[in-house]
Amino acid sequence: MNRKKLQKLTESLTKNCKHLFRGFDKDNDGCVSISEWINGLSLFLRGSLEEKIKYCFEVFDLNGDGYISKEEMFHMLKNSLLKQPSEEDPDEGIKDLVEITLKKMDYDHDGKLSFADYEQAVKEETLLLEAFGPCLPDPKSQMEFEAQVFKDSHDFNYDI
């Protein structure tokens with residue numbers, strides 16, 4: 001498969017995944033290696049709920065400290081929500097949403113989400129997996145990707 005075709009194919013899978021790079025770059029070296037790319041695609045296409053929970057948590061933990069803070073929630077929600085014309089300050093609505101989210105997901109009541117908090121909340125309500133914005137491909141994009149890959153499998157060079 002040529003570079004342009006592969007790029008177009010993967011763009012369709014990852015078009016809504018804003019933080020894809022950070023989630024794939026596991027060693028934080030600023031590059032996505034072949035193995036990181038393959039592992040990321042594997043998670044996207046066949047990952048278990050547990051693997052997806054871990055991936056999404058790592059994406060949402062912007063500073064990598066092991067917690068999703070109020071500031072991180074605010075930043076992600078501000079960038080992922082549609083802005084509606086209103087007389088009200090939109091930041092106030094986002095702050096309210098952060099507080100509501102904490103009440104729902106912060107089981108140890110420490111004002112931030114640990115992995116354990118996040119995992120428990122998502123296992124109780126899977127819609128919370130992408131609570132702070134999209135970071136996984138939608139099912140339609142995933143199906144289109146797979147159909148295209150398997151349709152054009154003769155384009156791959158299997159020299160190993």
Side-chain angles (χ1 to χ4, degrees), residues 1 5-81 97-98 100-158 160:
M1 179 176 290
K5 196 169 192 178
L6 181 63
Q7 184 177 7
K8 184 177 180 192
L9 185 60
T10 56
E11 281 175 359
S12 69
L13 181 66
T14 61
K15 64 185 168 199
N16 292 322
C17 306
K18 295 179 181 186
H19 303 288
L20 172 81
F21 188 86
R22 197 174 64 256
F24 275 43
D25 183 18
K26 295 297 183 190
D27 60 6
N28 296 314
D29 68 351
C31 297
V32 174
S33 69
I34 296 290
S35 62
E36 288 170 328
W37 177 246
I38 290 168
N39 288 333
L41 283 180
S42 174
L43 180 134
F44 273 13
L45 300 175
R46 299 285 183 260
S48 67
L49 178 61
E50 287 77 20
E51 291 169 321
K52 290 178 180 180
I53 290 171
K54 186 175 186 308
Y55 171 80
C56 290
F57 183 84
E58 289 172 357
V59 168
F60 297 147
D61 179 14
L62 298 176
N63 64 5
D65 68 353
Y67 295 94
I68 303 171
S69 68
K70 286 183 178 184
E71 293 77 19
E72 289 168 321
M73 289 180 215
F74 180 84
H75 176 74
M76 288 179 290
L77 290 171
K78 185 172 183 167
N79 289 329
S80 66
L81 296 175
L97 191 53
V98 167
I100 291 167
T101 302
L102 276 174
K103 282 183 182 173
K104 174 80 176 157
M105 298 176 81
D106 183 16
Y107 291 96
D108 59 9
H109 307 291
D110 63 354
K112 57 190 174 185
L113 297 183
S114 65
F115 179 75
D117 290 333
Y118 179 77
E119 181 179 37
Q120 183 176 347
V122 171
K123 285 185 175 181
E124 288 178 13
E125 178 53 68
T126 55
L127 290 174
L128 293 172
L129 182 63
E130 295 181 278
F132 306 112
C135 57
L136 294 168
D138 62 86
K140 182 178 182 251
S141 297
Q142 183 178 335
M143 285 177 22
E144 289 171 0
F145 177 84
E146 288 183 24
Q148 190 65 38
V149 166
F150 294 122
K151 181 182 104 182
D152 294 340
S153 62
H154 65 277
D155 287 348
F156 290 95
N157 186 356
Y158 295 106
I160 297 178

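Worth saying up front: this structure is predicted, and the values here are computed from it rather than measured. Note that the numbering runs from 1 along the sequence shown for the chain.
When side chains are defined from C-beta on, L128 counts as touching K104, because their heavy atoms get closer than 4.5 Å. Contact of the Y107 side chain with the E119 side chain is not registered, since no non-hydrogen atoms from C-beta on lie closer than 4.5 Å. For the pair K123/E50, a side-chain contact is recorded, criterion being any heavy-atom separation below 4.5 Å from C-beta on. Contact of the T101 side chain with the D106 side chain is not registered, since no non-hydrogen atoms from C-beta on lie closer than 4.5 Å. The shortest side-chain heavy-atom distance between I68 and M76 falls under the 4.5 Å cut-off.
Atom OG of S69 and atom CG of L102 lie 9.5 Å apart (nearest 0.5 Å). Rounded to the nearest 0.5 Å, atoms CD (E125) and CD (Q120) are 13.5 Å apart. Atoms OH and CG, from Y55 and L129 in turn, are 10.5 Å apart once rounded to the nearest 0.5 Å.
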Q.
Would M73 and L113 count as a side-chain contact (heavy atoms from CB on, under 4.5 Å) here? Give the steps.
A. CA-CA 10 Å; M73 289 180 215; L113 297 183; 3.6 Å; yes
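The heavy-atom pair separating M105 from F132 by the smallest distance is SD-CZ, 4.4 Å. Of all the heavy atoms in K112 and D117, the pair that sits closest is O-OD2, 3.3 Å. Between C56 and L136, the shortest heavy-atom contact is SG-CD1, 3.7 Å. Here the closest non-hydrogen pair linking L77 and A131 is CD2-O, 3.6 Å.
Below 30°, between 30° and 60°, or above 60°: for Y118 and F57 the angle between ring planes is between 30° and 60°, a tilted geometry. Ring geometry, W37 versus F24: the interplanar angle falls from 30° to 60°, so the pair is classed tilted.
A 6.0 Å sphere centred on OH of Y67 holds no more than 12 heavy atoms belonging to other residues, nucleotides or ligands. For K54, the NZ atom is loosely surrounded, since the number of other residues' heavy atoms within 6.0 Å does not exceed 12.
Side chain of E130 to main chain of C135: a donor-acceptor pair is present (N/O by atom type, distance under 3.5 Å, no hydrogens or angles). No side-chain donor-acceptor contact under 3.5 Å links E51 to the backbone of L43. The main-chain N or O of L62 is found under 3.5 Å from a side-chain atom of E72 such that the two form a donor-acceptor pair. Looking only at distances, a side-chain donor or acceptor of E36 sits under 3.5 Å from a matching main-chain atom of D27.
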